[in-house]
Amino acid sequence: MEERSMDTAGLSNLGTIVSLAALLAVLLIVAIVVSLTLPSNSTTSTTSSSTISSSSFPATTTTRAGLSVTQSAADVAACRSDVTDVQTALAAYQATNGVYPAPPADWAAGSYPTNFAPLTDAAPPGPFLKMPPADNRYVILWDRSGRVWVEPPGTFFPTYDAANDGANPATCTRVVR
C-alpha cells in the first residue's frame with residue numbers, strides 16, 4: 001500500500017477550510033458589534049404576521065441650552081461606529097510604531113481633516129483609517145495618549161475631555177446633532 005502524504009490539493013483544501021473559519025469568525029464579531037451598537041427594541045407592535053419595532057430608528061428631540069435638535073438612532077450608531085474605527089486605527093498605529101500618533105495641529109475646524117493624516121496617510125502597513133469621520137453631526141478627536149472623545153459639531157476642544165470619552169456609549173447619544 002502506498003503511504004499518503006499531504007500534497008498540494010490537501011494543502012489547498014486546508015487553506016480553504018482555514019479561510020472559511022476566519023470568515024465565520026469575522027462575521028460573528030461583526031454581528032456582536034452590530035448587536036451592541038443598535039438600540040434595544042423596547043416597544044414593538046405586531047402587524048399581520050411580522051413584528052415591526054417602533055424604536056428601531058426613532059427620531060428623538062433633545063433640548064440643550066434652549067435649542068431643539070433632532071437626532072436619529074442611525075446618527076448615534078454612525079457616531080459609535082466612527083469612534084470604534086478611530087480607536088481601532090489608533091491601536092493599529094500604536095501596535096506598528098510603539099507609540100500613538102500626535103495630531104499634527106491643535107484641533108480646530110480647519111485642522112480637523114488634516115489632523116487625521118497620521119492615520120489616513122500612513123505608509124504600509126497603513127493607512128490605518130480610510131478617511132476622517134464626517135464632522136457635520138459630531139466631531140471625533142484624539143490625543144497622543146490614544147484617548148478618543150466626541151464633541152458636538154463645530155466644537156473642537158484642544159485637549160482630552162473625559163466627560164465626552166468615546167468609550168462611553170452614552171457620549172454619542174448626548175452630542176450627536
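Heavy-atom basis, side chains included; hydrogens, waters and symmetry copies ignored. Keep in mind the model is a prediction, meaning the values are calculated, not measured.
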Indicate whether the side chain of Asn168 and that of Asp165 have a donor and an acceptor atom separated by less than 3.5 Å. no
Check whether the side chains of Arg177 and Asn136 place a donor and an acceptor atom closer than 3.5 Å, and report yes or no.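 Their side chains do not contain a donor-acceptor pair, so the 3.5 Å distance test is not met.
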Considering all heavy atoms of both residues, which atom of [X] and which atom of [Y] are nearest to each other, and what is their separation?
X: Phe156; Y: Val139; answer: CE2-CG1, 3.5 Å
X: Pro118; Y: Pro101; answer: CB-CB, 3.6 Å
X: Arg144; Y: Tyr100; answer: O-CB, 3.2 Å

Ignoring hydrogens and geometry, is there a side-chain-to-backbone donor-acceptor pair from [X] to [Y] under 3.5 Å?
X: Asp85; Y: Thr88; value: no
X: Thr171; Y: Gly166; value: no
X: Ser81; Y: Ala77; value: no
X: Asn97; Y: Val99; value: no

Just so I know, are the side chains of [X] and [Y] near enough to count as touching, which here means a heavy-atom distance under 4.5 Å?
X: Tyr138; Y: Asp82; value: yes
X: Leu141; Y: Tyr160; value: no
X: Thr173; Y: Arg80; value: yes
X: Pro153; Y: Asp135; value: no

